[in-house]
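Below, read A as the first sequence line, B as the second, and so on, with proteins coming before strands; counting in each chain starts at 1.
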Amino acid sequence: MSIDYQQTPVLKASGLVKRYGSVTAIDNADFELFPGEILAVIGDNGAGKSSLIKALSGALVPDEGEVWLDGQKVVFNTPMEARELGIETVYQNLAVSPALNIADNLYLGREIRKPGFLGKYLRMLDKKAMEQNAKAKMTELGLLTIQNMSQAVESLSGGQRQGVAVARSALFGSKVVIMDEPTAALGVKESRRVLNLIKEVRDRGLPIVLISHNMPHVFEVADRIHIHRLGKCAGIVTPQSHSMSDAVAIMTGAMEIEAA
Amino acid sequence: MSSVKPNTSTPVLEHDQVADNTAGYVANFSVKESPILRLKKFLHTYPIAAPSIVLLLAIFGFSLLIGNRFLHPFNLSLILQQVTIIGVIGVAQTLIILTAGIDLSVGAIMVLCSVVMGRMAIDLGLEAWLALALGISVGALAGFINGLLITRLKIPPFIATLGSWNVFFAINLWYSKSETIRSQDISSIAPLLQWTGETINFFGARLTYGSLLMLGLFFLIWYALNWTSWGRHVYATGDDPDAARLAGIQTNRILMSVYVLAGIVCAVGAWVLIGRIGSISPQAGYTANLDSITAVVIGGCSLFGGRGSIYGTLIGALVVGVFRNGLALAGVDVLWQEFTVGILIILAVGVDQWIRRGTA
Ligand SMILES: Nc1ncnc2c1ncn2[C@@H]1O[C@H](COP(=O)(O)OP(=O)(O)OP(=O)(O)O)[C@@H](O)[C@H]1O
Ligand SMILES: [Mg+2]
């Protein structure tokens with residue numbers, strides 16, 4: 001699959017700055033995501049990857065800089081605003097509610113109501129529909145082997161919780177899916193499933209931002225790799241143009257690359 | 001571009017491929033569970049179970065000890081009357097504790113609202129329903145102020161409501177001029193205010209409209225918590241506010257709605273209070289704030305938020321009522337009633353901690 005890098009980026013940011021007191025988490029960073037691509041973001045711990053994607057998904061409001069969605073300038077003050085425009089995010093800390101069950105978590109913030117009078121005037125939830133949809137989708141994604149969607153998320157293992165968060169993003173993303181280390185807690189097999197899922201989502205036409213520390217995974221699925229270093233983009237490479245060791249060298253500052 | 005050789009082959013890990021091909025399910029760990037662990041899990045899944053068992057045991061114990069006098073419908077309905085106020089205020093407190101907050105001002109809001117209702121109707125001569133509506137608006141306003149302190153000024157709920165408790169109580173003393181409105185005046189001018197104290201006979205049981213109002217309130221809030229999006233969001237906000245925010249919930253709005261609703265429920269409590277004691281006293285219902293926390297805690301709600309059921313609070317209130325009533329009928333000194341309630345609180349929180357350890 002070839003991607004046209006001349007067209008308007010789906011998601012673009014320029015000159016983003018975010019300071020936490022004396023720490024500059026995002027230091028004049030630029031970012032571009034093109035339609036239909038998987039863009040990996042790699043970088044050392046503390047490089048500012050999570051901060052960058054949070055600025056793109058409304059979870060934090062940057063001090064400076066601009067964000068464009070489909071060429072339109074946007075300002076997100078809350079994650080809800082980004083979600084409403086189709087940007088779905090798996091955060092590094094997952095953002096699931098442990099005491100709620102799987103179906104509730106999948107549909108948190110966009111619950112399905114019963115049809116007719118009950119839903120319209122009594123605002124009654126359609127728990128059955130949510131559970132059935134949740135189960136169907138989770139099975140379809142091959143992510144979870146849990147039968148009982150009314151099980152509390154806290155009773156799941158770390159990896160299964162990650163599965164819930166990943167499933168939520170894949171289910172509801174309509175424009176961009178952002179995943180911050182979605183395979184960090186997963187076993188070999190579940191990681192594989194997530195990687196396949198990422199490719200499937202891409203094949204559905206959705207661009208994906210994937211943050212990962214796992215170089216083989218990154219090099220397997222990414223169309224382009226955004227290397228983040230010290231709060232900004234240190235360069236963009238592709239799995240074809242550079243080797244893993246090059247990428248790591250750029251990431252750590254051992255090697256320099258001209259700005260792409 | 002830097003001078004590096006291109007890397008053409010896409011690396012795919014062999015073992016990943018193997019994993020890909022093995023079909024089916026991830027290993028299920030079927031560790032043998034000890035009965036203790038199973039009990040723990042059961043109590044964790046059904047937070048209402050522990051207080052229900054305590055309630056049943058208490059009823060059983062007191063019927064053995066005291067016999068028919070305790071089990072008589074009249075006595076049982078008396079218990080229901082005795083727990084009506086703490087039940088209503090407990091509804092408000094449950095909402096707040098579910099969001100990991102606490103509200104020390106609920107009692108003061110209730111008393112203030114009752115004074116407002118009384119003075120509007122008796123001193124200003126407003127229609128009783130209008131006085132009632134104004135009292136309820138004052139409750140909503142008080143809750144709104146608490147909500148503002150907590151969501152905008154970021155004052156921890158304990159401190160914010162400790163402050164507003166004193167402020168509301170002082171306003172209440174000032175506005176009422178520390179005077180009691182007599183029961184006769186209310187019944188002649190605004191009997192609607194005492195409607196909650198009227199009783200209906202039901203097979204020898206004397207149910208008050210106030211008790212029915214309380215049960216209705218429990219049902220209403222149960223519905224809102226369990227069957228609407230708002231309810232899911234209340235739980236999510238109390239459970240993990242950061243996660244809820246990232247999941248797109250406007251947690252501050254949820255908190256505001258909870259405090260305002262709690263204020264309104266307290267105002268309904270004010271109406272029930274007037275019916276229960278007949279008169280309106282700026283000193284009445286002073287202990288309602290601590291009693292409501294007692295009911296919520298014994299009902300199995302976690303003070304850390306996000307866990308618990310509204311019916312637990314009803315059961316918690318009944319547990320307190322049954323112990324007080326039973327011990328009184330058994331001729332035990334009042335101080336031992338307080339002693340028992342204290343032990344129950346500590347036990348309830350101890351059990352909650354025990355359940356959370358190891359299963360969460
Ligand atoms: N809420 C915060 N308050 C203060 N400093 C923060 C906060 N969030 C992030 N930082 C700082 O910003 C910098 C970038 O953090 P960020 O989480 O974006 O890194 P990261 O690239 O995602 O790292 P990792 O690979 O460990 O996830 C770090 O130095 C971190 O200490
Ligand atoms: Mg990170």
Tell me, for [X] versus chain B, whether the close heavy atoms (under 4.5 Å) come from the side chain, the backbone, both or neither.
X        : result
A:Lys54  : neither
A:Asn105 : neither
A:Ala152 : neither

Around atom CG of B:Leu153, are there more than 12 heavy atoms of other residues, nucleotides or ligands at under 6.0 Å?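 Result for CG/B:Leu153: enclosed.
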Which bit of B:Asp239 is near chain A, if near means a heavy-atom gap under 4.5 Å: side chain, backbone, both or neither?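 For B:Asp239, the side chain is the part near chain A, not the backbone.
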I'd like a table of donor-acceptor pairs (distance under 3.5 Å, sequence neighbours excluded) in which one partner is a side-chain atom from residues 121-128 of chain A, with atom names and distances.
unit_1   : atom_1 : unit_2   : atom_2 : d
A:Asp126 : OD1    : A:Ala129 : N      : 3.3
A:Lys127 : NZ     : B:Asn226 : O      : 2.9

Under 3.5 Å, is there a donor-acceptor pair linking the side chains of [X] and [Y]?
X        : Y        : result
A:Tyr107 : A:Asn133 : yes
A:Thr238 : A:Arg224 : no
B:Gln250 : B:His233 : no

Among [options], who wins on heavy-atom pairs under 4.5 Å with chain A?
options                                : result
B:Thr228, B:Thr237, B:Leu246           : B:Leu246
B:Trp227, B:Tyr223, B:Trp230, B:Tyr235 : B:Trp227
B:Gly306, B:Gly238, B:Gly231, B:Ala243 : B:Ala243

Hey, which of A:Ala59, A:Gly58, A:Ala95 has the most heavy atom pairs under 4.5 Å with chain B?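 Going by pairs under 4.5 Å, I would pick A:Ala95.
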By side chain to side chain donor-acceptor pair (under 3.5 Å) - contacts of A:Ser57 (at least two apart): A:Tyr91
